[in-house]
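Each remark here refers to the structure printed beneath this line.
What you see is a predicted model; the values in this text were computed from it and never measured. FYI, side chains are in, hydrogens and waters are out, and symmetry mates aren't considered; it's all heavy atoms of this structure. All residue numbers refer to positions in the sequence shown, counting from 1. In each ligand, atom 1 is the first atom listed, and ligand 1 is the first ligand listed.
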Amino acid sequence: APTLRLRGGGRGARLVFSCSASSSSPSGEGGFSGKVGFLGLGIMGAPMASNLINAGCDVTVWNRTRSKCDPLLSLGAKYEPSPANVASSCDVTFAMLADPESAVEVACGANGAAQGMAPGKGYVDVSTVDAATSKLIGKHITSTGASFLEAPVSGSKKPAEDGLLIFLTAGDESLYNRVASLLDVMGKSRFFLGDVGKGADMKLVVNMVMGSMMVSFSEGLLLSEKVGLDPNTLVEVISQGAISAPMFSLKGPSMVKAAYPTAFPLKHQQKDLRLALALAESVSQSIPTVAAANELYKVAKSLGLADQDFSAVIEALKAKEQSK
Ligand SMILES: NC(=O)C1=CN([C@@H]2O[C@H](COP(=O)(O)OP(=O)(O)OC[C@H]3O[C@@H](n4cnc5c(N)ncnc54)[C@H](OP(=O)(O)O)[C@@H]3O)[C@@H](O)[C@H]2O)C=CC1
Ligand SMILES: O=CCCC(=O)O
């Protein structure tokens with residue numbers, strides 16, 4: 001019988017089917033009983049794979065840096081020495097890689113996942129990449145007879161740990177239905193947006209808004225301090241008004257202390273702004289606020305902050321002030 005369990009706390013609490021559930025729905029969704037591969041065990045991939053294992057899935061992992069597999073193996077995962085091996089030994093393989101270059105390399109390179117793909121198998125790329133990259137990966141995967149779904153996620157380290165991500169999917173709808181119960185183990189909601197590229201586009205639009213919001217927030221924190229206000233009070237005032245956002249309440253207090261524990265690496269936020277600018281250019285849209293924000297993230301990277309949380313962009317503003 002399907003297993004029901006409570007997921008999340010407070011307002012996020014809900015009941016979800018476990019991995020071995022055998023439910024079915026009019027859309028063709030059902031439980032997933034096959035073998036699941038997971039490639040890329042960074043900040044996001046590791047907790048996502050952990051949740052699949054904890055839900056009872058038969059998970060096989062691979063990561064470029066082998067040692068990052070160890071915690072997952074302790075939870076019961078299996079290991080294969082290459083993406084091709086994972087893909088050939090699993091029914092469906094997820095990939096959570098850093099950027100377009102690594103996503104292509106892992107899917108299409110030597111010993112890449114495509115080499116282990118075959119009809120009946122599926123590849124779900126949950127990395128944040130641009131539409132052209134996603135289409136390229138999709139082409140390699142589908143040329144083997146396998147199916148392809150892009151499924152970038154909104155939500156950071158904590159939502160990944162809590163299984164509360166938001167999936168922005170596009171591509172093969174039957175694969176979407178086939179992996180729905182797996183997405184529900186890792187996330188709180190999922191959108192199917194159409195042809196390959198639409199999930200990538202949606203993700204880049206969301207993240208360009210987020211990246212600009214963070215810069216605007218940083219400017220406000222610094223200005224409040226400069227005019228003699230307590231920036232902690234600013235965080236509190238914002239949290240009670242119409243521009244309240246979990247991101248401000250979560251990151252504000254540590255930003256005031258100049259602490260940037262990494263949830264979303266700054267280098268990835270800058271990558272997303274770069275890709276969003278290219279997306280806007282492809283349709284001749286001007287996004288001047290995003291362009292200005294991108295310059296600040298580039299400055300922050302040049303200050304050695306690439307691996308800090310993206311909220312460290314405030315340090316680029318501080319550096320500008322100091323150089324006056
Ligand atoms: N962190 C966040 O809040 C969120 C991140 N994202 C997106 O998810 C993706 C992953 O992010 P995150 O987990 O934070 O990033 P991490 O930097 O923590 O992890 C990146 C992963 O990519 C692997 N990788 C990098 N380059 C290569 C390569 N050339 N070949 C093979 N593997 C490679 C890394 O392997 P290795 O361990 O060997 O370095 C690691 O497994 C990114 O696209 C990011 O934009 C999306 C939503 C939220
Ligand atoms: O891509 C990273 C998104 C982070 C978030 O949605 O909080």
Side-chain angles (χ1 to χ4, degrees), residues 37-51 61-72 81-84 86 93-113 124-131 133-134 137 150-169 186-189 191 199-214 217 245-251 260-276 297 301 306-313:
F38 211 106
L39 311 172
L41 303 171
I43 292 170
M44 297 296 285
M48 292 169 77
S50 296
N51 283 334
V61 295
W62 172 87
N63 192 68
R64 178 180 62 173
T65 305
R66 164 76 171 79
S67 58
K68 288 193 193 167
C69 296
D70 294 344
L72 284 300
S82 74
V86 172
T93 299
F94 287 82
M96 185 44 132
L97 287 319
D99 50 24
E101 295 72 26
S102 54
V104 169
E105 194 178 326
V106 168
C108 317
N111 293 317
V124 184
D125 198 330
V126 292
S127 323
T128 302
V129 298
D130 57 305
T133 298
S134 199
I137 293 171
E150 66 182 10
V153 299
S154 200
S156 195
K157 186 179 177 200
K158 180 80 166 61
E161 287 166 357
D162 294 345
L164 295 174
L165 295 169
I166 301 158
F167 284 93
L168 309 172
T169 78
M186 297 182 280
K188 67 175 178 184
S189 62
F191 293 80
D201 287 350
M202 179 66 86
K203 173 64 185 166
L204 293 180
V205 173
V206 171
N207 270 30
M208 86 177 199
V209 174
M210 189 178 76
S212 313
M213 277 172 69
M214 178 55 82
F217 184 54
M247 179 175 89
F248 297 148
S249 299
L250 193 72
K251 312 242 182 215
Y260 314 105
T262 310
F264 182 36
L266 188 141
K267 65 186 175 193
H268 294 336
Q269 174 66 87
Q270 196 273 316
K271 172 255 304 178
D272 294 349
L273 293 185
R274 173 173 60 81
L275 297 176
Y297 286 98
K301 270 171 65 175
D307 292 314
Q308 300 277 301
D309 188 71
F310 76 116
S311 50
V313 72

Original post:
Backbone or side chain, does any N or O of Leu97 fall under 3.5 Å from an N or O of ligand 1?
Top reply: yes
Original post:
Can you find an N or O of His268 that's nearer than 3.5 Å to an N or O of ligand 1?
Top reply: yes
Original post:
Should Leu41 be counted as touching ligand 1, given the test is an N or O pair under 3.5 Å?
Top reply: yes
**OP:** Return yes or no for this condition: an N or O of Ala98 is under 3.5 Å from an N or O of ligand 1.
**Re:** yes
Original post:
Hey, does Lys203 come in under 3.5 Å of ligand 1, counting only N/O atoms on both sides?
Top reply: no
Original post:
Hey, which atoms in ligand 2 end up nearer than 4.0 Å to a heavy atom of Asn207?
Top reply: 1 (O), 2 (C), 3 (C)
Original post:
With a 4.0 Å cut-off on heavy atoms, does Lys271 reach ligand 1?
Top reply: yes
Subject >> Nearest candidate to atom 1 (O) of ligand 2, where distance is taken over non-hydrogen atoms, out of Met44, Lys158, Lys203, Met210 >> reply: Lys203
**OP:** State whether the shortest distance between N or O atoms of Lys267 and N or O atoms of ligand 1 falls below 3.5 angstrom.
**Re:** no
**OP:** Could you tell me whether Ala263 and ligand 1 have an N or O pair separated by under 3.5 Å?
**Re:** yes
**OP:** May I ask you to check whether Met44 has an N/O atom sitting below 3.5 Å from an N/O atom of ligand 1?
**Re:** yes
Original post:
Could an N or O of ligand 2 be found under 3.5 Å from any N or O of Val153, whether backbone or side chain?
Top reply: no
Original post:
Between the candidates Gly45, Gly42, Pro152, which shows the shortest non-hydrogen contact distance to atom 19 (O) of ligand 1?
Top reply: Gly42
Subject >> Thr65-ligand 1 polar pair, N/O distance under 3.5 Å >> reply: yes
Original post:
Between Trp62 and ligand 1, does any nitrogen or oxygen pair lie at a separation below 3.5 Å?
Top reply: no
Original post:
Should Gly155 be listed as contacting ligand 1, given a heavy-atom distance under 4.0 Å as the test?
Top reply: yes
Original post:
What atoms in ligand 1 come closer than 4.0 Å to a heavy atom of Lys68?
Top reply: 36 (P), 37 (O), 39 (O)
